[in-house]
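Please read these numbers as outputs of a predicted model, since none were measured by experiment. Just so you know, these numbers use all the heavy atoms, side chains as well, and skip hydrogens, waters and symmetry mates.
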Amino acid sequence: LRLEQAVYGLDALSEVKLQELLATGLSRHWSVARDVHYPSSAGRRLTHRARCDLVLTPAGRPLQTDARPPDLFSPPDLAEPGEGLWIEVKVAWQFREGGVRHTGYGSQWRDAVVADLRKMEDDPLIREAALLLVVFNESREILEKDLELFEIVLARKEVLAGFRQTRSVPILDRIGHRLCTIALWPTVQRAQ
């Protein structure tokens, strides 16, 4: 985007577009399935089933989903749901277009994210899962404060998450964001 001198930056993409971008990048090393129904919800009406944003399985071993049972044309070595890494992707923007502070910035971190983590940790057929949060904000100081506050919320709501891994990259300031960060928390699956 910098080389293209694009008018809009990475922070102008929707959550769905950012998920597509992540899926494309990850597909170089993994088989990637998008919008996959949680395995323990099989049998329910499709419209009532929760979905996970990304599921990674070893390259060449796509995920076996219940949406379509294997047939003669299916790859011979499908991965079971328990073999995948289930990832919920959320995006938080500190600013909206025009440099206006995003009034939902704090709630983007708390409400939906905690619900997604609970879905993953409660599914008995998932062994490995993580939350991937993409954050666009103005500085590393604000990021660190917000990540610490979010982890306090996780502890208060008794959501089991492992140690966070973060990577940040500076971005061109088009609407107030100067930093793009990816924060990843592995979930701790409850004993079933």
Side-chain angles (χ1 to χ4, degrees), residues 1-38 47 49-57 59 62-63 65 84-117 119-120 129-154 159 161 164-187:
L1 293 173
R2 209 173 270 192
L3 291 174
E4 288 176 11
Q5 297 181 352
V7 174
Y8 296 102
L10 197 58
D11 53 346
L13 297 177
S14 69
E15 185 171 297
V16 171
K17 291 291 183 192
L18 286 165
Q19 289 174 8
E20 289 173 10
L21 188 62
L22 288 166
T24 299
L26 290 166
S27 67
R28 294 183 200 139
H29 306 287
W30 303 91
S31 287
V32 180
R34 295 197 57 229
D35 288 323
V36 178
H37 290 108
Y38 279 92
T47 56
R49 295 179 64 187
R51 292 177 299 183
C52 185
D53 299 318
L54 301 173
V55 181
L56 307 182
T57 53
L63 180 69
T65 62
L85 172 60
W86 294 69
I87 303 173
E88 286 289 351
V89 179
K90 291 296 175 216
V91 183
W93 297 268
Q94 187 179 1
F95 297 100
R96 294 183 315 195
E97 195 167 334
V100 178
R101 289 204 179 268
H102 197 297
T103 56
Y105 178 66
S107 64
Q108 294 173 76
W109 294 67
R110 291 184 291 274
D111 305 327
V113 171
V114 170
D116 283 346
L117 282 169
K119 282 189 296 191
M120 288 189 293
L131 165 69
L132 191 140
L133 181 63
V134 181
V135 182
F136 294 102
N137 70 359
E138 62 184 303
S139 70
R140 190 170 300 281
E141 294 76 29
I142 289 174
L143 171 75
E144 287 303 320
K145 175 187 68 86
D146 290 342
L147 290 175
E148 286 179 28
L149 289 172
F150 177 64
E151 288 176 339
I152 290 169
V153 169
L154 291 179
V159 176
R164 134 178 63 103
Q165 299 292 317
T166 57
R167 299 292 181 269
S168 297
V169 61
I171 59 173
L172 289 178
D173 181 355
R174 291 182 173 91
I175 61 172
H177 301 132
R178 294 184 193 100
L179 194 66
C180 173
T181 301
I182 301 247
L184 180 88
W185 288 268
T187 65

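Closest heavy-atom contact between Ala183 and Arg164: CB-CD, 4.5 Å. In terms of heavy atoms, Phe136 sits closest to Asp11 at CD2-CB, 3.5 Å. Closest heavy-atom contact between Val91 and Glu15: N-OE1, 3.3 Å. Contact record, Asp173 with Gly176: OD1-N, 2.7 Å, taken as the closest heavy-atom pair. The shortest heavy-atom contact between Arg174 and Gly9 is NH1-CA, 3.3 Å.
Side-chain contact check for Asn137 versus His102: every heavy-atom pair is 4.5 Å or farther apart. Taking 4.5 Å as the limit, some side-chain heavy atom of Val32 sits within range of a side-chain heavy atom of Leu54. Trp93 is not listed as a side-chain neighbour of Ile175, based on a closest heavy-atom distance of 4.5 Å or more. Counting only heavy atoms from C-beta outward, the side chains of Leu143 and Val135 approach each other to under 4.5 Å. Within the 4.5 Å cutoff, the side chain of Lys90 has no heavy atoms near those of the Val134 side chain.
A tilted orientation is assigned to the rings of His177 and Phe95, their planes being inclined by 30° to 60°.
A donor-acceptor contact closer than 3.5 angstrom is absent between the side chains of Gln165 and Trp185.
More than 12 heavy atoms of other residues, nucleotides or ligands shown are found within 6.0 angstrom of CD on Glu144.
Between the side chain of Asp35 and the backbone N or O of Asp53, no donor-acceptor pair lies under 3.5 Å.
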* To do: Applying salt bridge (Lys or Arg N to Asp or Glu O under 4.0 Å), run through Lys145 and Glu148 and close with a yes or a no.
  => CA-CA 5 Å; Lys145 175 187 68 86; Glu148 286 179 28; over 6 Å; no

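By the 4.0 Å N-to-carboxylate-O rule, Arg101 lies close enough to Glu138 to be salt-bridged with it.
Under the rule for a side-chain hydrogen bond (donor to acceptor under 3.5 Å, both in side chains), the partners of Thr181 that lie at least two apart in sequence or sit in another chain are Ser168.
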